[in-house]
Structures are given as C-alpha cells and as structure tokens.
Amino acid sequence: MMFLFQAKCIKQMEGLTQRCIFRWSLTPYARYSDTSQKKSKLAPLQERRMIDKCKIFAKAGDGGSGCSSLRKGRPDGGNGGKGGDVILECSPRVWDFSGLQRHLIAEKGGHGSSKKLIGSRGADKVARVPLGTVLHLVNGDIPSVVKTQSSTDVDPWDIPGALVNDLPDPGYNSTSTDTRGELKATHSIGCSLTQAEETNAKKSRHAASTDAFSQLSTFDGAPEFCTKDIEENQEIIYNVAELTEEGQQIVIARGGEGGLGNVASSKDSRKSMTMKGGSCQSIPNLRDPNSIHSSLHAGLPGVETVLILELKSIADVSFVGMPNVGKSTLLGAISRAKPAVGDYAFTTLRPNLGNLNYDDLSITVADIPGLIKGAHQNRGLGHAFLRHIERTKVLAYVVDLAAALNGRKGIPPWEQLRELILELEYHQDGLSNRPSLIIANKIDEEGASEVYKELKRRVQGVPIFPVCAVLGEGIADLKAGLKMLVNAETSYKLCLDQILIA
Ligand SMILES: Nc1nc2c(ncn2[C@@H]2O[C@H](COP(=O)(O)OP(=O)(O)OP(=O)(O)O)[C@@H](O)[C@H]2O)c(=O)[nH]1
C-alpha cells in the first residue's frame, strides 16, 4: 500500500517537472517570436496591451452588532467593530488595470460580546491602481477621504493639470492653477475639475441605480468592455477624484460603524431595556427598524459604490500619427515590444508600450492608435486615445513620407502634421504645446527622399528624423534625439506657424 502511494507521488512529481520544463522552453519563444509567424493566444503583444478603463464594484464591510449583556445586574455588552473600508492606493509599480479585481469587498466588523469586549475591526480591502487613475462615479457615495502614505511626489510634468499641490485637505474647497496656467475649480476631496467638467458633472448627477452587482456583472470578466455601453446607458459623475501621487490612498467605500453594546447605549435606552438574568443575550429583532434596540445595536451597513476607473497613461514619449504610418512597426524597431502590425488602418486599438533602454536611462514609449480628422469629436478611436496623449512628456509625430506617392490617396506629411496638431488642440487647448520631434517614416519608398527634402523645407524649428522602421534604419539617431528631449537637453515644440502648407 505504502509502495503504491509512493509510486503515485513520484509519477505526479515527474508530470509536474515535465510541465515545468515544457513551460520554460515555451516562454522564450512566446516572448520573442516574430509576429509575422502565426500568432498564438499567448502572443506577448496581448500581454502588454493596456487595460486602461474598467468598472469596479466596491462593498465596504458592515459594522458588527453591539452586544446586550448583563453581569451582576449591570450592562457589560461591548460595541460591534467597524467594517473595513475599500481603499484604492496609487502605485507606480502597477501599470494598468489588468491585475485589478473587479469586485472589491472589505471584511465585516466583528460583533461585540460580554465583558465589554469590542468586536474586531473588519480588515480594509486595499487595491493598487496606477498613477494617473481617474475615478468616475456610477453609483454610491463620492469618495470621501484622501490619505497619503508616502511623500514621494510625482514629477508634476508627468501629470499636466494634476499637480500634487492641487490636492487640498479633505473637506477644503479652493481654486488652483494648473501647469498650463488654467484656473481650475478644485473639488473638496482632492480631485480637480475644470468648470466645463463641473457643469457636466452636475448635469449628469445620476439617479442611484438599483442593483450594483447586476450592473457590474455585464462587464465582469470582459476586460475590453464597450465604453459606449457604459456612457450611454448610465449617468455618471465624471472625474470625482484622481490618484496622482505614489502612496496616495482614497477610500471609495466606507465601512459601517459597529452597533452599540448595552454598556454604551444603556444611558439612552436604560428605560427601554428589558433584559432578564445575567447572561449575554442576543438582541431580539436586531434588524427591525422600528425597534430602538435594533437601531442602536445593529451595525451600520458598509457603503456600496460602483466606479469606472480610467487611466490617463503616463509615458515619456507618445508616437502620434495618422493610421497606417508605421507607428507600431517603429515601436517594435526601437524597443523589444512586439505590437501588431497590419497593412490597414486601426491595427492598434489600444496603446502599446515599449521600453527604450539606454545605458543610464529607460524611457517608456506609447504607440497611440492612429489619429484621424475629427478624432476630437470621437471619430475613429477618438477620445479614448487623445486622453493618453494628455499624460505624455514628449510628442513624437510620425508621418508617412510615401502616403501621397505612387497614386496613393494619402496626404503629404506636412498636411498630416497640420491635421495632427489641429486634432490635439481641438481636444484640449495647449495639448500640442510640449517638446516634440518629427519622425519621417518609410524613407525606403520610391520618391520618399524628395518628399523628405520638401518636408524639411516646409517644417522648420523641429528636428526631423528620417527612418525606415521595417529595416531599422535611422533608429540610432532617433533614439539619441528622443533621449535629449526627454532629458530636456533640448526643447523644440511644433506649432502650426512652423508648417508651410501653401
Ligand atoms: N515601406 C515601408 N513600410 C512600412 C514601414 N514601416 C511600416 N510600414 C508598413 O506600414 C503598414 C502600417 O504599419 P503599422 O506599424 O501597423 O502602422 P500604424 O501607424 O501602427 O497603424 P495604426 O495601427 O492603424 O495606427 C504596415 O504594412 C507596415 O509593414 C517602413 O519603414 N517602410
């Protein structure tokens, strides 16, 4: 018998080891395989794709019940413990919402007991979210507390309009000026709202929806849920808070207070007490709202909140360009990222990220989905990706030198640049006003060199890097140029005046 058991164990161990070896041998292939090969479901691009928006349900812990107990004729029942809070904590080690639980449920408080023992406090549920997480309220209370665990501030450059100094003490209302000098109304809980947003928020003050769990279940388990569904079907209070600082915590659902034990409540309710004997008794009709007892002794329920979390990405560099100009190919050429590349517009649906490594520095580059005319009115992929650009230090405009060559229906690069700047500015005043350079891609195409010369003539004051992303040509110079801009060793900005169209 013993022998049989040992044999079984050894067999299981062997199977496990084989599976481990199999995994080890698969991983490098899965990570660095060429995307032109047949894509597997484990393709690394999928792993790196950001989940930049998600809906969560938070349920704070209910307060524990107070105890009614008499010992030697005197009340000695302790209070119930407070329920745990649901807290979001800002962490630079989390990049997106892919690892975030969609149901966040804090622990209930413990019940009080005799000998004046207070119930245990329910444990808080703390979930970590990335820097730059913006909260939109679907249902429940507006988050009410902001605490900061660490003093390491984010470089204000990283988060335009969300300076750490913008965050006032809880309960304090003020106005403040953001990095671009715009006056902002500052929300009492530490979020900043523009006046337009504030009006919007007031307009869209929602009627609390009935069943938070059932709302959520529509989206649970579907990371790329349909944003439109949420925005069309529900009234949302936008931008109720923003997490911008490492260690910053915000309580999104408060735990219920514990009920009073009869030691605490005896003063008020002594006359109405009907306790008999000396042992600890459970309170009759504890949940009956008509009973004074139950209202005093029952713990309060924890708050339930439904929120949409949205991430404004914080990348050092964003590749901004029209669809199909080669942004994803370029990201693959300068970093180890393997984004999907296709000979059709909107191959990129969500920002892809790559790390550009230097000896002494690492830069995060975001490949933003293609921008088209009317994007600011939500055409194409519209607002979704324009928001990511808001949080980028450096803009790298990518243009296709061959877009209008050889009978193609595209527009010349200088017009591409003009359209791009206009879309950024329509979306948000001053969005294009940051260090920039131009990447002139597809220099390998026939006739592209002449277009490049023309581009240099028409656009001045900003460095232009001719590259061939597919062959990796011009990449070394481009990397050096990006490093200088990110390090603020040079500062060029592209504006409409610098582009000669006629
Ligand atoms: N000839 C040439 N073709 C290129 C070059 N770079 C990219 N391409 C091609 O251009 C097409 C579009 O490339 P992508 O990298 O998907 O373009 P994108 O800008 O990311 O496209 P969206 O996802 O629509 O925004 C693909 O067929 C690429 O092979 C280049 O340097 N030279």
Side-chain angles (χ1 to χ4, degrees), residues 34-37 39 43-46 48-50 52 224 313 315 317-354 356 365-376 378-389 392 395-413 415-417 419-420 423-424 437-452 455 464-479 481:
D34 188 342
T35 42
S36 58
Q37 295 179 27
K39 280 181 208 159
L45 353 170
Q46 305 303 325
R48 280 297 275 163
R49 192 148 292 176
M50 286 172 70
D52 56 357
E224 295 198 18
S313 68
V317 178
S318 275
F319 285 161
V320 182
M322 301 207 145
N324 228 13
V325 296
K327 299 180 295 298
S328 306
T329 313
L330 199 57
L331 185 70
I334 63 168
S335 71
R336 280 182 138 183
K338 300 276 180 196
V341 172
D343 191 13
Y344 50 88
F346 300 119
T347 315
T348 312
L349 298 176
R350 288 175 174 275
N352 290 302
L353 303 168
L356 200 48
V365 182
D367 160 28
I368 305 288
L371 201 75
I372 59 166
K373 200 170 180 172
H376 70 282
N378 221 4
R379 278 192 65 212
L381 298 174
H383 296 148
F385 60 83
L386 279 164
R387 278 192 287 253
H388 289 278
I389 299 172
T392 312
L395 297 180
Y397 294 97
V398 186
V399 292
D400 180 353
L401 290 172
L405 286 178
N406 311 321
R408 293 191 189 113
K409 288 183 184 158
I411 56 173
E415 283 183 29
Q416 293 174 38
L417 288 171
E419 297 292 344
L420 293 171
E423 285 309 320
L424 297 185
L437 55 74
I438 298 168
I439 305 171
N441 192 28
K442 307 197 186 178
I443 189 76
D444 57 304
E445 292 258 358
E446 198 185 331
S449 301
E450 282 68 43
V451 180
Y452 169 58
L455 177 65
I464 306 178
F465 294 87
V467 299
C468 170
V470 275
L471 299 176
E473 285 172 13
I475 299 301
D477 288 348
L478 172 62
K479 282 178 77 170

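Just so you know, ligand 1 is whichever comes first in the structure, and atom 1 is the first atom listed for that ligand. Only heavy atoms go into these numbers, but all of them, side chains included; no hydrogens, no water, no symmetry mates. Owing to the predicted nature of the structure, the values given are computational and were not obtained by experimental measurement. In what follows, residues are counted from 1 in the order of the sequence shown.
Checked against a 3.5 angstrom limit, the closest N/O atoms of S328 and ligand 1 fall inside it. Checked by distance only, ligand 1 and G326 come closer than 3.5 Å through their nitrogen or oxygen atoms. At least one N or O atom of V325 sits closer than 3.5 Å to an N or O atom of ligand 1. At least one N or O atom of A469, backbone or side chain, sits closer than 3.5 Å to an N or O atom of ligand 1.
Residue contacts with ligand 1 leave out G321, since none of its heavy atoms falls under 4.0 Å from the ligand.
Contact annotation: the side chain of Y397 approaches that of L424 to within less than 4.5 Å [non-hydrogen atoms, C-beta and beyond]. In this structure the side chain of Y452 reaches within 4.5 angstrom of the side chain of I443, judged on heavy atoms. Within the 4.5 Å cutoff, side-chain heavy atoms of L455 are placed close to those of V399.
Contacts with ligand 1 closer than 4.0 Å are made by side-chain heavy atoms of D444 only, the backbone lying farther away. If you look at N441 next to ligand 1, the close heavy atoms, those under 4.0 Å, all belong to the side chain.
Residue C468 has at least one heavy-atom neighbour below 4.0 Å for each of these atoms of ligand 1: 31 (O). Shown in contact with P323 at under 4.0 Å from a heavy atom are these atoms of ligand 1, numbered in order with element: 24 (O), 25 (O). Of all atoms in ligand 1, numbered sequentially from 1 with element shown, those under 4.0 Å from a heavy atom of K327 are 15 (O), 17 (O), 18 (P), 19 (O), 20 (O), 25 (O).
Between K442 and D400 there is a salt bridge, since a side-chain N of the basic residue sits under 4.0 Å from a carboxylate O of the acidic one.
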Trace of the side-chain contact (heavy atoms from CB on, under 4.5 Å) decision for I475 with L330:
CA-CA 9 Å; I475 299 301; L330 199 57; 4.0 Å; yes
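The closest donor-acceptor contact from the side chain of Q416 to the backbone of I411 lies under 3.5 Å.
Among V325, I439, L395, the single residue meeting the side chain to side chain contact (heavy atoms under 4.5 Å, CB included) criterion with F319 is I439.
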